[in-house]
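One structure is given here, and the rest of the page talks about it.
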Protein chains: 2
Amino acid sequence: MRIVFSIGDLHGIGPEIILKSFQKLRQTGHTFLVAGSYKAMEYYRKRLDLPVELELVNDVAALGVLCAPHCGVLSVLSVAEPETISPGTVSADAGRIAMLSLAAAAELCRSGSCDALVTAPIHKEAVALAGYRETGHTGFLGKIFGASSPTMMFFDPVTELRVALATIHVPLAEVPGLIREMDLAGFLVNLARFLKTDFAVERPRIAVLGLNPHASDGGIMGIDENAVIRPCIERLAGKMRVEGPFAADGFFGSERYRSYDIVVAMYHDQGLLPFKVLAFDTGVNVTLGLPIVRTSPDHGTSFDIAGTGKASERSCYEAALLAIRIVRNRKKTEHAS
Amino acid sequence: MRIVFSIGDLHGIGPEIILKSFQKLRQTGHTFLVAGSYKAMEYYRKRLDLPVELELVNDVAALGVLCAPHCGVLSVLSVAEPETISPGTVSADAGRIAMLSLAAAAELCRSGSCDALVTAPIHKEAVALAGYRETGHTGFLGKIFGASSPTMMFFDPVTELRVALATIHVPLAEVPGLIREMDLAGFLVNLARFLKTDFAVERPRIAVLGLNPHASDGGIMGIDENAVIRPCIERLAGKMRVEGPFAADGFFGSERYRSYDIVVAMYHDQGLLPFKVLAFDTGVNVTLGLPIVRTSPDHGTSFDIAGTGKASERSCYEAALLAIRIVRNRKKTEHAS
């Protein structure tokens, strides 16, 4: 199997966590490639004195010959090279290289040259400075692959906690309207399908959180549960295993999430606050609903510690392992069908 | 010191956690009283076979003679008695007795007969059935004492985590408008004052969370941080120690909260989701800004396990200990000033 990393913002911790992850990943027998800047990878390798052998690849065609013999070497496809490298700074050049690398890595997966994509973190401000309108991975990949609304999911391999978000990077004020307008039933049906193909969970048990405090306490604090969420769950209940809406505040603390294969949060912070407490170092972000396999660490560029060697590679390493697992699961599903 | 418990919904776990807490609290040397139903307390004492001696008090005047000699006995002031007791059921009668008990207990504190109030959980639906419009403790006590907007705070004695809520039990859709309209600066100034008088924190470090995902990433996802929250913090920064707005999702997972005396969440679930994960069994709810001291366990009536003996008294016990601590701190502050 061949896994490609997109380098992310080269002024952040992306190159460091890729190098550190590779030190452990090279023992898996799979091959790994970075789409991005050779100069940046070499810069951080030297600066942090990491014993990793890099190999420059200028041409995608050359990838064909890299395989088993190169397991101990991290190949770097030079997509674009920066003029200077200044860890911890916002720059349009780094933003541009991050997005070019992402596009190149996605294409390698689309064409079949690579089996899965692991994306290192990008910096939304740098990406915007580089002139991109779409500043998030999930939205950008959704556009490339014509997937109208890919699902953002988080997975912690330690607790096996899975959280999916019904709405993503939008102002909080827009959330109630989006929940009302979205096809929540379609979202839940697709989610069950993705859990089957990507995680080999045959009949997933899905828990849906309420939008309002205490899931509105029977309608006392908000109408959304009674008007939208509960009817949708009741409609689906005969066809699949879906329950809720649950009061969000006690759901995670009481470990009720352990009775379900996935928890659906209505908005970003409702899912990510508890997830990051329960799985800060090991959590992985997965995009469901794309033709390719894509995972990423669940943290940002951490400009404050970029270049210091302090970054933990744990989440990035787990993201690569999960990508491998999903590729295997998808192949099994294809065989079965 | 004399602490009064309001019995809460007598079909919930209130009587059980009071009895169990008292088994540990009687060693503190303070005296404890329950305002509620003697019949209900005796019912659960017998049903759960708890070795607690109860003493019926029919008249508040009789309280004067109860003191040190009665440390090992739990006094019960009969406020109202139910016709029947059915654990786990919603009933108007239980809702009515819960609110009468709360009012009686609050009056005992107002008049100086008791030093602090610990409230056992009530059931909003039962209270509404009994004809009350105000179905929450914080709002009800705020009205009794003419405190326009008491502050809801949560405290975990194990991690020392404190979380205050800028908005409470309202539909999520109303939150952005309420944040815009409220006197956030006054809220923060009062909070610092309460931390000084009630928790003996001299110059508290206050962290304020953003309203939107990633605290809007510089305005990309929402205007509230730049328009309201940040200007307010900047205005106060010279006078007190307040920082933010912080992206909420990583704030708790990264343990950044440990650098602050209190974290201000913009809405119910933003504060309570991480709080209940970090402090599920030991968390305590405190109402700041009342003339009396009031604490409570941070959980509900748990009708599903009422009468089974399975309820944990930990949060209720911690609530009583915190009430004692706050009474002491307030006395010290009064002496000093």
Side-chain angles (χ1 to χ4, degrees), chain A residues 90 123-125 128 135-136 165 167-177 179-180 209-225 247-255 257 265-281 283 298-300 302, chain B residues 90 123-125 128 135-136 165 167-177 179-180 209-225 247-255 257 265-281 283 298-300 302:
Chain A
V90 177
H123 195 279
K124 282 188 192 296
E125 222 177 312
T135 59
L165 305 183
T167 63
I168 319 184
H169 288 130
V170 294
L172 190 76
E174 292 177 17
V175 169
I179 295 294
R180 208 159 43 232
L209 299 181
L211 175 70
N212 296 297
H214 306 186
S216 88
D217 260 341
I220 295 176
M221 293 172 286
I223 55 165
D224 314 87
E225 284 77 11
D249 63 338
F251 192 83
F252 293 92
S254 63
E255 302 200 347
Y257 68 85
M266 290 295 114
Y267 54 93
H268 184 275
D269 280 4
Q270 191 185 47
L272 282 177
L273 264 95
F275 184 84
K276 289 200 171 179
V277 174
L278 291 165
F280 193 73
D281 211 29
D298 76 338
H299 55 69
S302 300
Chain B
V90 178
H123 195 280
K124 283 187 191 297
E125 221 176 312
T135 58
L165 306 183
T167 64
I168 317 185
H169 288 130
V170 293
L172 190 76
E174 292 177 16
V175 170
I179 295 294
R180 208 160 42 234
L209 299 181
L211 175 71
N212 296 296
H214 307 185
S216 88
D217 261 341
I220 294 176
M221 292 173 286
I223 55 165
D224 314 270
E225 284 76 10
D249 63 339
F251 192 83
F252 293 93
S254 63
E255 303 200 347
Y257 68 85
M266 290 295 114
Y267 54 93
H268 184 275
D269 280 4
Q270 191 184 46
L272 282 177
L273 264 94
F275 183 84
K276 290 201 171 177
V277 174
L278 291 165
F280 193 73
D281 212 29
D298 77 338
H299 55 69
S302 300

Under 4.5 Å from any heavy atom of chain B - which part of [X]:
X: Pro176(A); result: side chain
X: Ile168(A); result: backbone
X: Tyr267(A); result: side chain

Exercise. In terms of heavy-atom pairs under 4.5 Å with chain A, which of His169(B), Glu174(B), His299(B) leads?
Worked result: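 Option with the top pair count is His169(B).
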For this session: Specify which of Ala128(B), Ser254(B), Gly218(B), Gly250(B) makes the most heavy-atom pairs with chain A at under 4.5 Å.
Result: Ser254(B)
Exercise. If you count heavy-atom pairs under 4.5 Å between each of Asp298(A), Val175(A), Asp249(A) and chain B, which one has the most?
Worked result: Asp249(A)
Exercise. Highest number of heavy-atom pairs under 4.5 Å with chain B: which of Gly222(A), Gly283(A), Pro213(A)?
Worked result: Pro213(A)
For this session: Check whether any side-chain heavy atom of Met221(A) lies under 4.5 Å from a side-chain heavy atom of His268(B), and answer yes or no.
Result: no
For this session: For the residue pair Asp269(B) and Leu273(A), establish whether any side-chain heavy-atom pair is separated by less than 4.5 Å.
Result: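 Not in contact.
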Exercise. What's the spacing between Thr135(B) OG1 and Ile220(A) CD1 if we round to 0.5 Å?
Worked result: 5.0 Å
For this session: Working to the nearest 0.5 Å, report the span between CG of Leu172(A) and CE of Met266(B).
Result: 11.5 Å
